[in-house]
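Working notes, structure below.
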Amino acid sequence: MLLGVYDNPDATLNVTKSLKEKGYDVYDVYTPFAIHNLDRVLGVKRSRLSTAAFCFAMTGLVSAISLQSFTSYFDWPMLIGGKPFLHIPTYIPITFELSILFTAFGMVGSFFVVNKMFWGRNTDIIDLRVTDDRFVIAVNVHDGKTDVNELSNIFKKGGALEVRERINEL
Amino acid sequence: MSYESPIREPLVNGGKTYADVTRDILRPMENKASKGWWIGFTVSAIVLGIWIAASTYTFLTGLGVWGLNKTVGWAFDITNFVFWVGIGHAGTLISAVLLLFRQKWRMSINRSAEAMTIFAVLCAASFILSHMGRPWVAYWPIPLPNAFGTLWVNFNSPLVWDVFAISTYFSVSLVFWYIGLIPDIATTRDRAIGFRKTIYNFLSMGWNGSTRTWHRYEMISLILAGISTPLVFSVHSIVSMDFATSLVPGWHTTIFPPYFVAGAIFSGFGMVLTLLVIGRVVLKQEEYITMGHLDAMCRVVMLTGTMVGLAYITEFFVAAYSGVEYEQYAFINRASGPYWWSYWIMMGCNLIAPQVFWTKWARSTPWFIFVMSIIVNIGMWFERFVIIVTSLHRDFLPSSWTMYTPTLTEFMILFGSFGLFFTLYFLFIRYLPTINMAEVKSIIPTHSHDDHGSHAHAEKGETVHG
Amino acid sequence: MGHTTAIQLREEKFVYTDKAKRLSYILMGLGLLLALIGFFTYHPSIEGLSEEQLHHLPAKRLLGSLLFNGYFFFLISTLAIIFIVISQLANAGWYVAVRRVFEAMSEFMPIGAITLFVVVFLSLYAFHGGIYHWAHDGVMESDPLLAKKTWYLNKPFFLIRLATFTGFWVFCASMIRKFSRQEDQLSTGLTDTTFFDKSYNLSALFMIVFGFTFSMFAWDITMSVDAHWYSTIFTIYNFATGWASAMTVAYLITWYLRKNGYMQGIVTDEHMHDLGKWVFAISMFWTYMWTAQFLLIWYANIPEEVAYYAPRMYGSYSFSFYFNLVLNFVIPFFMFMKRGAKRNPKIGAIVGACILIGHWNDVYLMVMPGAMNLATAVTDHNPVGIIEVPSQGVGLMEIGFLSLFAGLFLFIVMKGLTKANLYPTKHPYILESVQHDTGV
């Protein structure tokens with residue numbers, strides 16, 4: 001794996017774009033903040049988290065309505081303030097809150113699962129300064145297929161501060 | 001970098017590089033705690049002690065130590081609760097609503113505002129607990145199968161809605177805040193050594209800055225912002241329904257939900273200004289929280305203050321228009337009854353005082369902004385006092401008419417709650433980055449890396465090569 | 001910087017073709033015809049009402065339909081300029097490319113205001129109160145509750161308020177449009193903020209005045225139709241109705257322009273996405289206002305207040321009542337949540353049509369139940385002095401006037417679009433807007 005280290009988001013974006021166009025196997029780009037459009041250039045598939053969010057919201061909605069109608073209509077109906085036992089308008093607040101609660105926790109949970117993030121995880125950080133002011137493009141080198149010299153030339157021409165090799169898989 | 005119009009003022013001054021941002025913002029965490037921090041923390045902790053003492057005294061003795069009586073059954077406790085919940089709205093509002101409105105100036109202030117939200121909601125929750133009188137049975141509003149047969153909680157009750165709303169709000173805000181913190185915790189981790197590294201490594205959940213992660217991170221932030229926006233609205237609306245679903249004149253009015261939300265934004269921004277006008281100087285963050293930020297916040301304060309004022313006038317007008325004499329009496333009594341002074345403090349602080357922000361001078365003079373922010377806090381506390389106490393102290397039965405006088409214990413709990421708030425806040429500025437570094441880095445101009453201080457992104461002319 | 005092509009701001013004028021004009025003419029002509037047929041063929045027979053009482057109904061229905069249709073389109077055009085005002089005050093950049101659409105929509109304001117004034121004037125003076133119960137002869141004197149409202153609800157004061165408020169808004173809107181068009185003539189480049197600042201300052205003033213005057217305006221025009229009833233949130237509710245409709249109309253017009261080849265490379269799917277978000281967001285805001293008003297009144301169950309909801313929810317208007325929620329909340333919520341939907345003109349058109357019908361129905365529901373009611377003597381058995389007339393449904397008159405006003409509105413807006421370049425070329429934020437990208 002060959003790494004190109006940059007200090008500028010625009011250069012990072014441009015180099016990634018040209019690497020993609022030339023057909024290199026770009027493994028990933030590591031940046032201190034989200035660079036606009038980089039995900040599209042890299043061809044990251046659009047995350048389905050938003051669909052997941054909708055499903056969680058519906059789960060919350062159904063749970064809330066079931067809870068309230070079960071307790072106050074089926075299980076133990078009580079006459080309070082002359083309201084009907086199936087007092088649908090007053091379900092609104094709790095139904096709303098539980099939908100939000102389920103969405104938030106469900107989504108964040110799925111986010112951690114797809115990213116394999118959990119408390120106490122030790123990651124192999126590609127460059128300590130990648131969370132500070134460095135941008136690293138990681139390209140997979142396939143023996144016999146990838147021209148390492150040309151690759152490192154592209155890196156350097158794009159303004160790389162440093163080009164280095166990395167043996168370990170991430 | 002998205003294109004920015006040259007007429008926009010830079011959001012970060014001083015031509016910062018990415019490394020500068022990291023260094024500046026982590027400085028208060030990486031250096032030894034300053035003397036100022038120790039003084040502030042100690043004072044807050046002492047005030048927190050007052051809160052613990054007064055609350056313990058209340059719990060051990062009973063609610064009789066408060067000034068409540070048969071007619072005025074809610075007073076300081078609920079006033080303080082609504083006051084703190086209101087303050088707890090600006091954080092999520094700044095992060096969520098301003099994110100959806102693409103107001104980039106939010107980026108330097110959202111972290112501390114969200115922290116403030118969480119601490120303020122904790123303070124608010126403490127008043128819910130203490131006004132129950134028996135905090136050890138505080139789990140009763142939760143729908144659990146219980147020892148009394150399967151008697152469930154009353155889902156018709158706005159107080160039960162409140163339990164759901166506040167706990168949802170607290171936990172979602174906490175999650176939102178934590179998600180925002182993860183990249184910055186990773187930054188802290190990668191600069192730390194020893195024990196600190198272990199702790200921040202644990203908290204960073206293995207963040208590595210990969211583009212794939214960033215992509216999902218951006219999406220989850222946007223969705224969290226999307227659901228937090230209606231959440232913020234709903235929470236204070238539900239708080240307002242504690243009053244508005246009743247039949248009490250002055251409480252039962254349909255404008256309460258949006259009016260409480262506007263008030264919450266107003267008081268929340270008041271508190272953010274109180275903290276940041278001082279904080280930016282003490283933490284040396286003037287280049288991140290610029291005069292432009294203060295200016296924008298002053299405008300929001302003025303706007304929301306006027307909206308709240310419009311609601312006051314609407315209530316008054318509609319009471320007059322309704323022709324219902326109980327409504328009319330409730331409002332005349334507010335303005336000219338025995339608690340008239342609290343009404344006029346509310347009007348003066350919330351509607352009239354913020355109008356000074358029409359002038360450029362007021363918006364650009366930090367000490368004055370600080371004074372105004374205190375006035376806003378006072379005004380919003382009195383708003384809740386006016387709504388709660390003046391509506392209750394005149395009962396439907398004139399024989400029950402009475403006055404409410406707070407006791408020393410109640411004052412101590414109110415005062416002490418600020419200790420709880422500030423103790424947590426001081427811990428926050430010591431152990432977590434107070435400005436969202438990743439977001440700030442994304443808005444500083446790329447070119448400042450090569451040539452310090454110039455804002456070359458301000459391209460002129462009509463043709464832009466993107 | 002994902003864009004590789006250079007952006008060229010160019011002169012681009014909208015051409016209002018004869019074919020498009022014909023549509024407006026047909027809508028107007030057909031609408032007028034239908035309304036007239038509807039009026040002359042309307043011979044109600046309702047059990048329990050005398051010939052003389054029935055005799056009042058056609059005029060009431062005519063005025064009521066005129067009023068709520070006029071009000072609906074006036075709200076759309078007013079809230080269009082308010083959207084510009086709000087965006088300006090928030091220093092928003094993205095909306096600049098579609099700003100002219102909103103400006104053109106606000107051109108309808110004078111006609112809407114005149115319609116309202118004429119209908120109100122006729123109601124108050126020519127038809128013995130017409131749709132306004134409180135304006136009927138003798139009602140204010142004999143009804144003890146209404147007698148307490150004469151300081152506010154009286155004919156001259158009502159008309160003065162209506163004229164001054166709408167007059168001031170029309171004036172501000174025309175000034176904002178004027179500044180915007182003058183800005184196009186600047187030759188000093190995109191950093192010249194002369195008109196930007198002028199417009200900003202006027203917007204701040206306009207917003208504050210609007211906040212206070214719109215409250216009274218909504219109480220007057222629609223709340224006082226049910227003169228006994230009151231609700232403090234009513235203004236904001238009306239505001240939300242108008243705003244949701246205005247965003248929807250702007251969204252649809254922008255699609256129309258893009259489909260016809262205008263604003264290529266200037267207004268992109270990104271703008272549609274953001275406009276769509278606004279449509280969605282304001283629909284949810286409307287739902288919030290609806291819930292706040294309904295839930296609190298339903299919960300407290302005070303006779304004075306539930307009198308408003310009783311005929312709407314349980315009476316002859318109950319279909320409209322639930323239809324309202326389906327069109328204005330359920331459909332946008334489920335169909336417009338996904339990102340792809342807001343970028344899809346077909347789904348956009350379906351949802352947009354539903355929302356517009358929904359809010360039209362909403363305004364119908366505000367005005368017609370109260371407007372059709374008959375005044376009678378106040379007695380112990382009938383303390384409010386009202387004979388409730390069951391719903392007469394949506395007939396030729398309502399549809400006819402809708403068509404008439406829709407045609408007129410389209411005509412004015414399309415004409416308005418031809419008056420200036422299709423987007424501001426010298427606005428300081430125009431380049432930000434053109435390169436707008438909604439992100440994830």
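Chain letters run A, B, ... following the sequence lines, proteins first and then strands; every chain starts at 1. If you're wondering where the values come from, they're calculated on a predicted model, not measured in any experiment.
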Legend entry - Neighbour count above 12 (heavy atom, 6.0 Å) for A:Lys20 NZ: yes

Inset, instruction - Verify the neighbour count for atom CZ of A:Arg48: are there more than 12 heavy atoms of other residues, nucleotides or ligands below 6.0 Å? - result: no

Inset, instruction - Please report the closest heavy-atom contact between A:Thr123 and B:Trp207, naming both atoms and the distance. - result: OG1-O, 4.1 Å

Legend entry - Heavy-atom pairs under 4.5 Å with chain A, option from B:Val163, B:Val153, B:Asn201 with the top count: B:Asn201

Inset, instruction - Would you indicate whether A:Tyr73, at its atom OH, is surrounded by more than 12 heavy atoms from other residues, nucleotides or ligands within a distance under 6.0 Å? - result: no

Legend entry - N-O pairing of A:Asp28 and B:Arg212 below 4.0 Å: yes

Inset, instruction - Answer whether the closest heavy-atom distance between the side chains of B:Trp214 and A:Thr31 falls below 4.5 Å. - result: yes

Legend entry - Reported CE-to-OG distance for the pair A:Met117 and B:Ser204, which is rounded to 0.5 angstrom: 7.5 Å

Inset, instruction - Evaluate the side-chain proximity of B:Glu439 to A:Phe33: yes if any heavy-atom separation is below 4.5 Å, no if none is. - result: no

Legend entry - Interface moiety of A:Leu42 toward chain B, non-hydrogen atoms closer than 4.5 Å: side chain

Inset, instruction - Applying side chain to side chain contact (heavy atoms under 4.5 Å, CB included), run through B:Ile182 and A:Phe112 and close with a yes or a no. - result: CA-CA 11 Å; B:Ile182 290 176; A:Phe112 289 150; 3.9 Å; yes

Inset, instruction - Determine, step by step, whether A:Trp119 and B:Leu203 satisfy the side chain to side chain contact (heavy atoms under 4.5 Å, CB included) criterion, reporting the C-alpha distance in whole Å, the side-chain angles of both residues, the deciding distance to 0.1 Å, and the verdict. - result: CA-CA 6 Å; A:Trp119 275 312; B:Leu203 291 175; 4.2 Å; yes

Inset, instruction - Against chain A, work out which of B:Ser167, B:Ser210, B:Ser228 has the most heavy-atom pairs shorter than 4.5 Å and name it. - result: B:Ser210

Legend entry - Under 4.5 Å from any heavy atom of chain A - which part of B:Ile238: side chain

Legend entry - Region of B:Arg189 that comes under 4.5 Å of a non-hydrogen atom in chain A: side chain

Legend entry - Crowding at CD1, B:Ile193 (>12 non-hydrogen neighbours, <6.0 Å): no

Inset, instruction - Answer with side chain, backbone, both or neither: which region of A:Val114 has an atom nearer than 4.5 Å to a non-hydrogen atom of chain B? - result: both

Inset, instruction - Grab the two heavy atoms, one from A:Asp132 and one from B:Ala19, that are nearest each other, plus how far apart they are. - result: OD1-CA, 3.7 Å

Legend entry - Derivation and outcome, side chain to side chain contact (heavy atoms under 4.5 Å, CB included), residues B:Asn154 and A:Met78: CA-CA 9 Å; B:Asn154 174 13; A:Met78 266 206 300; 5.8 Å; no

Inset, instruction - Examine distances only and state if a side-chain atom of B:His215 and a backbone atom of A:Val44 form a donor-acceptor pair shorter than 3.5 Å. - result: no

Inset, instruction - Could you tell me whether the side chain of A:Thr71 reaches within less than 4.5 Å of the side chain of B:Pro143, counting heavy atoms only? - result: no

Legend entry - Check: A:Val130 and B:Asn208 side chains under 4.5 Å, non-hydrogen atoms: no

Legend entry - A:Val29 versus chain B, the contacting section by heavy-atom distance below 4.5 Å: both

Legend entry - Option that, when pairs with chain A are counted at under 4.5 Å, heavy atom only, ranks first among B:Pro158, B:Ser237, B:Ser234: B:Ser234

Legend entry - Nearest heavy atoms of A:Asp75 and B:Trp152, plus distance in Å: OD2-NE1, 2.5 Å

Legend entry - Shortest non-hydrogen contact from B:Pro230 toward A:Phe96: CB-CZ, 3.5 Å

Legend entry - Gap between atom CG of A:Asp39 and atom OG1 of B:Thr211 - 0.5 Å precision: 7.5 Å

Inset, instruction - Name the option with the most non-hydrogen atom pairs under 4.5 Å to chain B; the candidates are A:Asp127, A:Leu67, A:Leu98, A:Leu128. - result: A:Leu128

Inset, instruction - Heavy-atom pairs under 4.5 Å with chain A are the metric here; pick the option from B:Thr213, B:Asn156, B:Val21 that has the most. - result: B:Asn156

Legend entry - Side-chain touch B:Thr187/A:Pro32, heavy atoms, less than 4.5 angstrom: no

Inset, instruction - Write down the atom of A:Ser50, the atom of B:Ile223, and the distance for their closest heavy-atom approach. - result: CA-CD1, 3.5 Å

Inset, instruction - Can you tell which part of A:Phe70 gets under 4.5 Å to a heavy atom of chain B, answering side chain, backbone, both or neither? - result: side chain

Legend entry - pair B:Thr22-A:Asp133: side-chain heavy atoms closer than 4.5 Å: no

Inset, instruction - Taking the side chain as every heavy atom from C-beta outward, state whether A:Phe111 and B:Ile179 have any atom pair closer than 4.5 Å. - result: yes

Inset, instruction - Measure the spacing between CD1 of A:Ile94 and OG of B:Ser157 and express it to the nearest 0.5 Å. - result: 8.5 Å

Inset, instruction - Nearest 0.5 Å please: distance from the CZ atom of B:Phe155 over to the OG1 atom of A:Thr95. - result: 9.5 Å

Legend entry - Distance-minimising heavy-atom pair for A:Asp7 and B:Tyr18: O-CE1, 4.0 Å

Inset, instruction - Below 4.5 Å from any heavy atom of chain A, which atoms of B:Phe176 appear? Answer side chain, backbone, both or neither. - result: neither

Inset, instruction - Against chain B, work out which of A:Ala104, A:Ser110, A:Gly81, A:Pro89 has the most heavy-atom pairs shorter than 4.5 Å and name it. - result: A:Ala104

Inset, instruction - Could you check A:Thr90 against B:Trp161 for side chain to side chain contact (heavy atoms under 4.5 Å, CB included), going step by step and ending with a plain yes or no? - result: CA-CA 9 Å; A:Thr90 55; B:Trp161 306 347; 3.6 Å; yes

Legend entry - Side chain proximity check, B:Leu231 to A:Glu97, heavy atoms < 4.5 angstrom: yes

Legend entry - Which portion of A:Ala53 sits near chain B, non-hydrogen atoms under 4.5 angstrom: side chain

Inset, instruction - Measure the spacing between CD1 of B:Ile227 and OG1 of A:Thr103 and express it to the nearest 0.5 Å. - result: 5.0 Å

Legend entry - chain B contact via A:Tyr91 - side chain, backbone, both or neither, heavy atoms under 4.5 Å: neither

Inset, instruction - May I ask you to decide if B:Arg216's main-chain N or O and A:Ser47's side chain share a donor-acceptor pair within less than 3.5 Å? - result: no

